[in-house]
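The structure appears right after this line, and notes come after that.
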2 protein chains.
Amino acid sequence: MARLPLYLRALTGLAERGVATVSSEELAASAGVNSAKLRKDLSYLGSYGTRGVGYEVDFLRHQISREIGLTQDWSVVIVGIGNLGHALANYGGFASRGFRIAALVDADPKRAGEEVAGLQVRHADELEDLIQQLRISIGVVATPARAAQTVCDRLVAAGVTSILNFAPAIVQVRDGVDLRKVDLSTELQILAYHEQRKNGAALALTAEQAAELAEAVNG
Amino acid sequence: MARLPLYLRALTGLAERGVATVSSEELAASAGVNSAKLRKDLSYLGSYGTRGVGYEVDFLRHQISREIGLTQDWSVVIVGIGNLGHALANYGGFASRGFRIAALVDADPKRAGEEVAGLQVRHADELEDLIQQLRISIGVVATPARAAQTVCDRLVAAGVTSILNFAPAIVQVRDGVDLRKVDLSTELQILAYHEQRKNGAALALTAEQAAELAEAVNG
DNA sequence: TTATGTGAAGGCCTTCACAGCG
DNA sequence: CGCTGTGAAGGCCTTCACATAA
């Protein structure tokens with residue numbers, strides 16, 4: 001269930017503020033969802049609430065963590081150590097949530113040996129060995145679009161069954177492999193679509209106008 | 001419609017390979033969706049196909065671009081020039097798709113003046129001025145979680161009505177403002193959830209095991 | 001009395017299957 | 001004859017509303 005991480009984060013926030021008990025109404029509000037939906041979601045995990053009272057924050061947190069599988073560590077390899085790969089490697093939110101960035105890999109031999117986020121960047125040739133030795137189960141693809149399919153194929157062949165793809169490419173994997181996609185320009189395009197319908201494109205610019213404004217402001 | 005960018009990308013790929021005409025079946029395959037779904041989606045834009053033949057690639061590409069609003073440029077501000085902000089600023093996929101990164105803003109005075117991706121980083125105090133002067137309509141938030149709500153409030157107050165939030169925080173905005181969220185650790189958690197169910201956690205590690213392996217391989 | 005857990009209703013999106021057009 | 005465009009069926013997810021338990 002894709003909303004569990006959301007609830008978990010809301011619960012963590014409550015726990016940090018010392019809240020011990022929370023109602024479905026309150027928790028739903030801080031997660032930004034409907035309270036009935038939240039109750040139905042939680043009911044699939046079991047009856048962890050108390051009628052007339054609510055949910056115990058710490059207990060529920062633990063149950064959700066266990067359900068998601070965060071009571072174990074997962075080893076992750078990041079493939080492609082460009083700007084985005086750097087950002088991902090340095091992103092603090094992973095380690096604190098049960099994900100261990102175990103290896104960084106790049107196809108550029110000049111990058112191999114470079115240290116990023118306390119790890120040595122390895123050359124792409126070593127990908128299969130690293131996956132096996134470090135028992136990596138999750139691959140993060142931050143390569144250019146043209147390399148994405150090949151990288152995914154190699155990850156799958158080496159035994160990885162979960163991939164998070166940041167490359168702006170449509171990648172096919174065999175059944176049984178989970179592939180999630182994060183596409184930055186798609187997200188912006190969806191925003192632009194709504195934006196256009198909102199204000200009648202009042203804020204849309206021609207390329208020339210935009211360049212002029214940039215010149216004027218940025219010098 | 002959230003799938004239009006996907007179709008657009010598939011069509012661009014076909015155009016680059018010199019394909020002039022494509023059937024719903026083929027296009028759906030390269031976009032990774034059902035062909036009936038694709039035809040229904042496209043039918044909302046108008047009757048742009050030819051029965052018995054298919055769709056003209058270039059023509060359809062233009063229609064979708066227009067529908068999304070990519071025939072105009074949109075000015076974007078990135079708030080928070082840490083690792084992720086850097087990566088976003090340098091990401092080539094934006095400019096080529098109608099998005100112009102017009103300003104970079106950071107709360108750290110030491111960062112102000114620094115040049116990133118050919119733009120000077122401005123101090124957060126200037127946010128409102130920049131939005132007005134550059135006619136910015138889209139804000140990208142790449143700040144730490146604790147700053148996200150304040151930044152979004154300021155963006156909205158200054159007239160921004162579309163926000164893409166990368167901060168791992170639940171942010172509330174008033175009606176009429178579009179807020180999309182990209183949450184890296186949520187994505188990994190969803191993968192972990194499926195991973196756990198797939199192989200009976202065979203690849204899950206305790207923190208100790210993971211550390212041992214890392215030691216052995218990375219030295 | 002209060003707030004959970006859950007049938008039932010409703011709405012949205014996907015998929016089927018084929019009429020109809022080129 | 002082939003493939004689009006689309007009514008209709010089906011399934012999934014959300015929301016309502018209340019019986020039920022503390």
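Computed from heavy atoms alone, side chains included, the values below leave out hydrogens, waters and symmetry copies. All chains are named by letter (A, B, ...) in the order of the sequence lines, taking the proteins before the strands, and each is independently numbered beginning at 1.
A distance-only check finds no donor-acceptor pair linking the side chain of A:Lys181 to the backbone of A:Phe166 [under 3.5 Å]. The backbone N or O of B:Ser23 sits less than 3.5 Å from a side-chain atom of B:Glu26, completing a donor-acceptor pair. When atom types are taken as modelled, the side chain of A:Gln196 and the backbone of B:Glu67 share a donor-acceptor pair closer than 3.5 angstrom. Remark: side-chain polar atoms of A:Trp74 are paired, donor with acceptor, to backbone N or O of A:Gly69 under 3.5 angstrom. Side-chain N or O atoms of B:Asp178 include none that pairs as donor or acceptor with a backbone N or O of A:Leu191 at under 3.5 Å. Proximity of a side-chain donor or acceptor of A:Asp106 to a complementary backbone N or O of A:Ile81 within less than 3.5 Å is detected. A donor-acceptor contact shorter than 3.5 Å is absent between the side chain of B:Thr50 and the backbone of B:Val53. In terms of modelled atom types and a separation under 3.5 Å, the side chain of A:Gln149 and the main chain of A:Gln172 share a donor-acceptor contact. Within the 3.5 Å criterion, the main-chain N or O of B:Gly93 finds a donor-acceptor partner in the side chain of B:Arg97.
Contact footprint of chain A on DNA chain D: nucleotides with an atom under 4.0 Å from a non-hydrogen protein atom, first to last in 5' to 3' order, D:dT14 to D:dA22.
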Using the 3.5 Å cut-off, write out each protein N or O paired with an N or O of nucleotides 19-22 of chain C and the distance between them.
residue : atom : partner : partner atom : Å
C:dG20  : N3   : B:Arg51 : NH1          : 3.4

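One interatomic measurement links the two molecules: CG of A:Leu45 to C1' of C:dT6, which rounds to 15 Å at whole-angstrom precision.
For the segment residues 37-44 of chain A, the set of residues with a heavy atom within less than 4.0 Å of an atom of DNA chain D comprises A:Lys37, A:Arg39, A:Lys40, in numerical order. Near DNA chain D, meaning a heavy atom under 4.0 Å from it, residues 21-34 of chain B has B:Ser23, B:Ser24 in order of number.
Pairs of residues two or more places apart, or lying in two chains, that qualify as ring-ring contact (aromatic ring centres under 6.0 Å, His included) and include a residue from residues 4-52 of chain A are A:Tyr48-A:Phe59.
Under the rule for a salt bridge (Lys or Arg N to Asp or Glu O under 4.0 Å), A:Arg51 has no partner lying at least two apart in sequence or in another chain.
Heavy atoms of other residues, nucleotides or ligands lying less than 6.0 angstrom from CD of B:Glu25 number 12 at most.
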